[in-house]
*Asks:* 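Have a look at the structure that comes next, please.
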Amino acid sequence: MDIRVQPDPFDYGAESARFAQGDGQSGAVVTFLGLVRGTGGLSRMEIEHYPGMTERALAAIAGDASARWPLSDVLIIHRFGTLAPGDPIMMVATASRHRQAAFEAAEFLMDYLKSRAPFWKKEFGPDGAEWVAAKDDDETALARW
Amino acid sequence: MDIRVQPDPFDYGAESARFAQGDGQSGAVVTFLGLVRGTGGLSRMEIEHYPGMTERALAAIAGDASARWPLSDVLIIHRFGTLAPGDPIMMVATASRHRQAAFEAAEFLMDYLKSRAPFWKKEFGPDGAEWVAAKDDDETALARW
Amino acid sequence: MIEVLYFAWVRERIGIPRERIETGAATVADLVEELKAREDRYAAAFADLRALRVALDQELADFSAPLAGAREVAFFPPMTGG
Amino acid sequence: MIEVLYFAWVRERIGIPRERIETGAATVADLVEELKAREDRYAAAFADLRALRVALDQELADFSAPLAGAREVAFFPPMTGG
């Protein structure tokens, strides 16, 4: 299990490749990558987080996923600080013998990360700055697990 | 949309990175990677396919996914020929504004590819060679879409 | 004349990957009966149709599908890609 | 003494990221009432508790949770990571 919270960019291709090296037993790898959308004239995004709690929350979510599905590995990388349109924000990766387990665990990680990990996004555009509002959808997405 | 059926290995990290470059509007990228498992003393796998029909079937599946979900891009790479344990067999990738669409479309692609694209796997191990049997699960997985 | 293709263990049992066949069979199932009557290796390959799939001109089809107009028919076990 | 942290627009409204507070409040909700009574910027930040979340010692908690023994309490809007 590898969990990183960092201001620096990460290399999605290199991280995916390294994760997929695995142990030769997994068979199925799923990754999710979140990118800053350049819609609406967005000039930059700032992500604030709660140092300490963030790492605890992500470890708890990854631990829950590993308890529910037979995963051989889990990766979570999430950035904070200033990001530009097109920048990678975060990624998760799951490895399992079974494709369904790898898919479900990755979706579970994303659903919980969205609503339970203490990150807040602020968008800067032509009309000024605005904190991104949480979606009701994000909270209801948890109900399926 | 990019669909490739090839005997050669592909570079999962490089393909993932290139796919994620996208157009800066997508926000969400999901990939699935299938690897040859080295379980049971497997020494190699041979994948046979039906040239012509394979490409048609994959294009139809990718087209169906694009009609059902708002995808900005789809990638399918599937190998045939001789593969060794740990080798990448195939990958799919989906890009969308919405993470749920990217996840669902990737699972849909995998479910249909498993049961509708004309590939057949033969495993070579200590007890000889055996054609992989299709799982009932794979057929019933289609019922959810 | 129709091009008949065999894949995976169907190909192995019949011993060839493809052949051109002159047939008056009306449906895929009729063609299968013709082939089974030919030789044991065909009878062995087509012993259990539930274990087989068929494609007509590279589209999945039923055994009851008419052959008229088809250029290519393929027999194979359920797919196992991915 | 308890460490109080503010994030995102809660931090911006109150104007500071953290402060140490001497309080006899029994619950998080009691602490919020104390803070609101202090100054308008607190009253503005805590105007609608349904728009806020709270963590006690870095675990999500309810506003009814007791403060006894907690070293750190944090107030913030619903998370928007991912």
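Chain identifiers are assigned alphabetically (A, B, ...) following the order of the sequence lines, protein sequences preceding nucleic acid strands; residue numbering begins at 1 within each chain.
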*Asks:* Given that the side chain runs from C-beta out, which part of Gln100(B) has a heavy atom under 4.5 Å from chain A: side chain, backbone, both or neither?
*Replies:* side chain
*Asks:* Go through the atoms of Arg18(B) and report whether side chain, backbone, both or neither lie under 4.5 Å from a heavy atom of chain A.
*Replies:* neither
*Asks:* Do Phe103(B) and Phe32(A) have their ring centres less than 6.0 Å from each other?
*Replies:* yes
*Asks:* Where on Ala106(A) is there a heavy atom nearer than 4.5 Å to chain B: the side chain, the backbone, both, or neither?
*Replies:* both
*Asks:* Is Glu130(A) atom CD crowded by more than 12 heavy atoms from other residues, nucleotides or ligands, each under 6.0 Å away?
*Replies:* no
*Asks:* Which of the residues Asp11(A), Asp111(A), Asp87(A) is involved in the greatest number of heavy-atom pairs with chain B at under 4.5 angstrom?
*Replies:* Asp111(A)
*Asks:* Taking all non-hydrogen atoms of both residues into account, name the closest pair between Leu35(B) and Ala20(A) and its distance.
*Replies:* CD1-O, 3.7 Å
*Asks:* Could you please spell out the steps behind the side-chain hydrogen bond (donor to acceptor under 3.5 Å, both in side chains) verdict for Ser16(B) and Ser16(A)?
*Replies:* CA-CA 8 Å; Ser16(B) 297; Ser16(A) 297; 4.7 Å; no
*Asks:* Do the non-hydrogen side-chain atoms of Arg97(B) and Thr39(A) ever get within less than 4.5 Å of each other?
*Replies:* yes
*Asks:* Hey, is Arg99(A) close enough to Asp138(B) for a salt bridge, meaning N to O under 4.0 Å?
*Replies:* yes
*Asks:* Might you point out which heavy atoms bring Gly13(A) and Ala17(B) nearest each other, and give the distance in Å?
*Replies:* CA-CB, 3.8 Å
*Asks:* Side-chain contact, heavy-atom cut-off 4.5 Å: Thr31(B) with Tyr12(A)?
*Replies:* yes
*Asks:* Is the CG atom of Asp136(B) crowded by more than 12 outside heavy atoms at less than 6.0 Å?
*Replies:* no
